[in-house]
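Quick note on labels: first sequence line is chain A, next is B, and so on, each numbered from 1.
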2 protein chains.
Amino acid sequence: MDHPDQTDALEEAAIERPFLSNYLLFLLASTSASASEEFHATVRANGLRVPEWRVLACLHEEDGQMVTRLAPLALAEQSRLTRIIMQMDARGLVERRSDPEDRRRVRIYLTDEGRALAEDMIARARDHEAELLSVLPAGKGEELRKLLKEVHAKLTARD
Amino acid sequence: MDHPDQTDALEEAAIERPFLSNYLLFLLASTSASASEEFHATVRANGLRVPEWRVLACLHEEDGQMVTRLAPLALAEQSRLTRIIMQMDARGLVERRSDPEDRRRVRIYLTDEGRALAEDMIARARDHEAELLSVLPAGKGEELRKLLKEVHAKLTARD
DNA sequence: GATCATTGCATGATATTTCATGCTTCCAGT
DNA sequence: ACTGGAAGCATGAAATATCATGCAATGATC
């Protein structure tokens with residue numbers, strides 16, 4: 001029996017179920033980018049780069065973390081984070097201390113100035129998050145948060 | 001009447017409701033990163049950088065897009081995308097044609113080689129997505145996809 | 001306790017990104 | 001048509017990121 005031309009079949013398939021707008025990795029990256037855009041502008045307006053803000057937030061949550069622990073949390077590669085932390089140190093936001101238990105380790109601590117900035121920025125982040133949620137249909141934001149926590153936990157558990 | 005020391009109050013608050021692990025922008029960025037990690041390795045194994053793969057996917061969906069339309073879709077800044085496309089052109093994956101309707105515009109088209117690679121990578125992306133979904137609790141992935149589509153639509157509508 | 005592998009971080013060289021700005025082409029108002 | 005402004009893309013110079021590798025400290029094995 002005859003069958004349709006293969007190229008046409010492929011194109012039809014592409015039209016019938018658009019790939020990109022349903023592709024989970026695209027939706028995640030794109031939603032993350034558009035949700036973060038505004039706040040990242042605030043971050044830069046406060047003289048911080050995005051990974052620097054992330055480091056402040058991580059340290060505020062748990063002070064004295066190692067560089068290699070901070071790197072994945074701040075979504076930055078190790079050598080990059082090392083340099084970012086050197087700059088934050090030079091600027092007086094954090095302090096590096098070698099760990100007496102294991103002298104290969106460098107533990108990062110917030111300075112008073114760093115802690116103040118972290119608290120300030122976290123307050124802004126909370127405000128921005130509230131605004132963001134208010135744009136969404138009621139409940140959708142919380143639903144999304146809950147789902148992301150579950151999915152994120154599953155994904156990071158595979159290590 | 002007396003009140004507790006302010007620093008203690010702040011610290012308690014931080015302990016009681018951890019900020020980061022509930023912060024929507026963190027959950028989005030971090031989930032996106034960990035979900036994409038594996039597939040991005042595949043992308044690089046196929047000789048593509050992540051934005052190049054995104055360009056291929058966008059063009060496969062709609063060929064002949066402008067640079068300024070492609071840039072936000074590929075999550076890359078315009079001048080960066082210009083250079084990425086120049087490289088893809090040099091490699092024979094895409095072709096740049098000036099738009100006769102408006103000669104400021106440069107429209108990007110897949111070459112046959114580019115289209116073949118795009119189709120190949122999209123197939124891999126579909127497979128990877130299926131694997132990813134199979135790791136998650138049943139239904140969670142589809143739930144997430146649906147929510148992200150709604151939220152992403154709301155967020156990008158504000159322009 | 002010597003050796004070998006590994007972990008944790010730093011760093012040099014290279015490649016990439018970014019920012020501001022330049023150059024065209026188009027459009028609106030006159 | 002002419003002028004001012006904006007859109008679309010390109011590009012140089014400076015800042016950053018990346019990759020591989022180096023070095024030091026630790027742990028494991030014999």
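In this structure, the salt bridge (Lys or Arg N to Asp or Glu O under 4.0 Å) partners of Arg124(A), at least two apart in sequence or on a different chain, are Asp120(A).
Distance Arg69(B) CZ to dC9(D) P: 12 Å, rounded to the nearest Å. The CZ atom of Arg107(A) sits 14 Å away from the P atom of dA10(C) (whole-angstrom rounding). Nucleotide dC9(C) holds its P atom 9 Å from the CD1 atom of Ile85(A), rounded to whole Å. Asp102(A) places its CG atom 6 Å from the P atom of dG27(D), with the value rounded to the nearest Å. Nucleotide dT7(C) holds its P atom 12 Å from the CZ atom of Arg105(A), rounded to whole Å. For the pair Gln65(B) CD and dG8(D) C1', the computed distance is 15 Å after rounding to whole Å.
Contacts of Arg96(A) with the nucleic acid, taken as non-hydrogen atoms under 4.0 Å apart, involve only primed sugar atoms and P, OP1 or OP2.
Taking the charged nitrogens against the carboxylate oxygens, Arg145(A) and Glu142(A) do have a contact shorter than 4.0 Å, which makes a salt bridge.
Side-chain proximity of Met66(B) to dG8(D), dC9(C), dA10(D): nearest is dG8(D). Checking dT25(C), dC9(C), dA10(C) against every side-chain atom of Arg104(B), the shortest atom distance belongs to dT25(C). Distances from the side chain of Met86(A) to the nucleotides dT26(D), dT11(C), dC9(D) place dT11(C) closest.
Judged by distance alone, with hydrogens and angles left aside, the side-chain atoms of Thr111(A) form a donor-acceptor pair with the main-chain N or O of Leu93(A) at under 3.5 Å. The backbone N or O of Ala29(B) lies less than 3.5 Å from no partner atom in the side chain of Ser32(B), so there is not a single donor-acceptor pair. A donor-acceptor pair under 3.5 Å is formed between the side chain of Glu129(B) and the backbone N or O of Leu24(A).
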Base versus backbone protein contacts along nucleotides 12-20 of chain C [heavy-atom cut-off under 4.0 Å; B, S, -]: BB--SSBB-

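Checked by atom type, the side-chain pair Glu38(B)/Thr42(B) shows no donor-acceptor distance below 3.5 Å.
Counting heavy atoms of neighbouring residues, nucleotides and ligands inside a 6.0 Å radius, atom CD of Gln87(B) exceeds 12 of them.
Nearest approach of Glu61(A) to Pro18(B), heavy atoms of both residues: OE2-CB, 3.5 Å.
Ile108(B) pairs with exactly one of Asp89(B), Leu81(B), Leu59(B) by the side-chain contact (heavy atoms from CB on, under 4.5 Å) rule, that one being Leu59(B).
Distances shown here put a side-chain N or O of Arg103(B) below 4.0 Å from the OP1 or OP2 atom of dC26(C).
Note on the helix from dG1(C)-dC30(D) to dT30(C)-dA1(D): angle between the axes of the first and last five pairs equals 30°, rounded to 10 degrees.
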